[in-house]
Amino acid sequence: MRHYTRLQQPTVILLVDREQLGDQMDRELNSTGTDNVHVAASKRDLEAKLTGDYRGVILTTVHLFEGMPKQVTKQRANVIVMADEAHRSQERDLGTYMRSAVEGASMFGFTGTPIENDDHNTPKAWGYVKDDGKIERYMGRPYTVTDALRDGVVKPIHWQPRVTDWQLHGTKLDIAFKREFGHLPAEELNKLSSEAAQLNELLFHPKRISQIADDVVAHFTEHVRPNGFKGMLVCRDKQAVKLYAAALRERLGADAVMPVISEAPQNDPEDIQALYLGEVKRKKLLNEFLIPAQSELEEHRDKPYRKIEVLVVCDMLLTGFDAPILQALYLDKKLLNHSLLQTIARVNRPYNELKGHGLVLDYYGIFDHLNEALNYKPDELGDVAFPFEAIREHFRKTFQQVWDLFPEATVPRDGSHDAFVTAMKILRDVDGAEKQFDTGYRNLRVLYEALQPDEQLRDYVRPYAWLTKLYMLYRKKFYPDASKSIEATEEDAARTGELIREHIDVDELETEFPTYVLDEHFLTKLKDKKPDAKALDIEAMLSAELRIRLDQDEAFQPLSEKLQRLIDEKRAGTLAGIALIEELEKLTDAVRAAVDEANRPIAQQLALKIKARNAAIADAVAAEIAAATLAEADKHCFPGWWTSSAVDPELSRALLFMIASRFAASGLLADDAMGFIGGLVLVLKRRHYKPGAGALADACDD
């Protein structure tokens, strides 16, 4: 917008309704390198910027507009207001002050949860009113949760009812009350006749608190903690926060659990005030909560709040709290419509590959009637949350898709060497099989982690172990640079790691499928292998080596294209058996020669280039010219220069002048002089030469 001439350097006001959202937005802007951003520090500061005709981005909370004079922006048309969470306070009294102050501005409101009540209507407040009086709700089709899932912006949310005999939503309140208090005399029952009284008695019942706390801890320790994720328990009020925090600390330890509540000393009793953190401590907690609890990185050791794994809340952090590490939300509070949607969205932030979804464990019973609780049009909201059973069904479907890639008539599941070789040939020879297996297995691994421990997975454990073993071999053979170890690693996650240790003998795997090095002995070590296994090993070695080399040196491109041609001919059935192996062996020799060339010290490469230009030049002179070439490169090159075309002409001129003035008798500049100079520059570019590297290499050689 800043470069759009018609806007004449606009003032862009990014509007949030809470400081925490402002901190989050500030971090996002900094991460993108956005400059000319001012964070309003006070009402006076904000007013000064607006009246002073500031051009750039102003990040502010809506609260700083309270009491602001009218038309402080002098009705400038190039003021743009972009409001986050537009369904909240920007529409009420604070919104009135804001709109009056920036009269004439273009207003854009963003929200995933519009409200449409008579006294509070988000589309009406932010939408465009057409000539016929109707509201143009969106600038096109609404962007739904389903769209966000498709684009990978958020993760799916799965919900699961828990401890069903203590759920209190709807008719279940009466059932639970009769179960616990039906034995009381009529006089005492009458005292508890109102729904509120019954709810209080049940919500804070010690047996209920204890049973739910036990279930939260069991689920958290089995499903959430093993993979480094964290959780949050949402309960009714501050008294419930106190009770749950105490119960969870008894079970998980005081260092793992933290209550977070709003502070109102004039209303809260002393036992609740004892839970107060204060603004500084709370900000520190929420920042450090984003760090894995088990992190031992040096920069994390002075951050004790990283060890907090479960937050207990009732009124705070239900909206705007952006913590991707948060996977599980334990819900024991009646929430409806946008409040419910905002709350459960805390667990849908992408984090890493193992976080395939967020989890909502429902202790209150809200999700039994999810459509009623949300009361939104499906075409405007999309798919919000899915029953946990959907994960089981997704696992079964994904497993079958991956399993069927390897017909048992062709690939026996006997764990033999030949069977795994045949399976890997399918991955390499069948079009699309490799990608389908790689994607399918990684999805399967996430689902397996989500479900364990689950009785319904019992029949899948050994088949999943077989697929895991195949995946380990496949990654080890074709992607050794990405697969650091054949043993269980962090990317395998907790449950899959346990399965690897219990069902897969990694020493046996290493013996049957050894790790090779592309050296002069490589082909000799394969001479006694069966043709299929031998061809697979050579192809795997060349694929891995060329993929790594291509990232460093484009000179390997022709060799990579040659390998792809051989693979295409193999898949087409026009190249097989001994003929295929012979072609692969020839390519292996060519790749080894290219690797040896690329591994030479850069001064030696330049000297060979010079000798190739004029074989009559003495070795000592060629080395002297190479050293002078590196000295010129040190003057003109900088880190990353090989990505810029601007350096080439300047460096080429410098090398031409250097050779012409100092080595005129060398005969290097006859005929196509600039072609030869370009060859020297190309050597430097391919090696990603860094200033000073030549001298360092010489010192190492000495």
*Asks:* Is the charged tip of K230 near the ring of F289: under 6.0 Å from the six-membered ring centre and within 45° of its axis?
*Replies:*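 Yes, a cation-pi geometry.
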
*Asks:* Please determine if E498 and R495 form a salt bridge, counting it only when a charged side-chain N lies under 4.0 Å from a carboxylate O.
*Replies:*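 Salt bridge flag = yes for R495 with E498.
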
*Asks:* Under the criterion side chain to side chain donor-acceptor pair (under 3.5 Å), I'd like the reasoning laid out for Y363 against D215: C-alpha separation, chi angles, the key distance, then a yes or no.
*Replies:* CA-CA 10 Å; Y363 294 95; D215 192 70; 2.7 Å; yes

*Asks:* Closer than 3.5 angstrom, by distance alone: can the side chain of D505 be matched with the main-chain N or O of D507 as a donor-acceptor pair?
*Replies:* yes

*Asks:* Answer yes or no: are there more than 12 heavy-atom neighbours, outside E222 itself, under 6.0 Å from its atom CD?
*Replies:*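 Yes, the 6.0 Å shell around CD holds more than 12 heavy atoms from other groups.
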
*Asks:* Cation-pi between R475 and Y479: NZ/CZ under 6.0 Å from ring centre and within 45° of the ring axis?
*Replies:*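 Yes - R475 lies over the ring of Y479, closer than 6.0 Å to its centre and within 45° of its axis.
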
*Asks:* Going by salt bridge (charged side-chain N to carboxylate O under 4.0 Å, His left out), name the pairs with one or both residues in residues 255-266, residues two or more places apart or in two chains.
*Replies:*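 Passing the test, one end in residues 255-266: E263-R282.
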
*Asks:* Any side chain to side chain donor-acceptor pair (under 3.5 Å) involving residues 303-313? Give me the pairs, sequence neighbours left out, ordered by first then second residue.
*Replies:*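 Sorted pair list: R225-E309.
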
*Asks:* Which of these, Q436, R442, K435, sits in a side-chain contact (heavy atoms from CB on, under 4.5 Å) with D438?
*Replies:*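 When Q436, R442, K435 are each tested with D438, the side-chain contact (heavy atoms from CB on, under 4.5 Å) holds only for R442.
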
*Asks:* Between the side chains of T398 and R445, does any donor sit under 3.5 Å from an acceptor?
*Replies:* no

*Asks:* So, Y351 versus Q327: side-chain donor-acceptor pair below 3.5 Å or not?
*Replies:*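 Judged by distance alone, the side chains do not pair up.
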
*Asks:* What I'd like to find out is whether the side chain of Y464 reaches to under 4.5 Å of the side chain of Y441, using heavy atoms alone.
*Replies:*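 Yes. Closest side-chain heavy atoms under 4.5 Å.
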
*Asks:* If you count the non-hydrogen atoms of other residues, nucleotides and ligands that lie under 6.0 Å from CD in Q400, is the total more than 12?
*Replies:*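 Above 12, so yes.
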
*Asks:* Do any N or O atoms from the side chain of N348 and from the backbone of G358 form a donor-acceptor pair under 3.5 angstrom?
*Replies:* no

*Asks:* Would you say S210's side chain and P206's backbone share a donor-acceptor pair under 3.5 angstrom?
*Replies:* no

*Asks:* Would you indicate whether R462, at its atom CZ, is surrounded by more than 12 heavy atoms from other residues, nucleotides or ligands within a distance under 6.0 Å?
*Replies:*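 12 or below, so no.
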
*Asks:* Looking at the rings of F395 and Y460, which for Trp means the six-membered one, are their centres under 6.0 Å apart?
*Replies:* yes

*Asks:* Please determine which of R236, R208, R162 meets the side chain to side chain donor-acceptor pair (under 3.5 Å) test together with D332.
*Replies:* R208

*Asks:* If the test is side-chain contact (heavy atoms from CB on, under 4.5 Å), which one of V461, L467, T468 qualifies with Y448?
*Replies:*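 The side-chain contact (heavy atoms from CB on, under 4.5 Å) with Y448 is passed solely by V461 among V461, L467, T468.
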
*Asks:* A494 and E449: which non-hydrogen atoms are nearest, and at how many Å?
*Replies:* N-OE1, 3.6 Å

*Asks:* Looking only at non-hydrogen atoms, find the nearest pair between K155 and G356 and report the distance.
*Replies:*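 It is CD-O, 3.7 Å.
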
*Asks:* Check K238 against C314 and note the closest heavy-atom contact, atom names and distance.
*Replies:* N-SG, 3.7 Å

*Asks:* May I ask you to decide if L340's main-chain N or O and N337's side chain share a donor-acceptor pair within less than 3.5 Å?
*Replies:* no

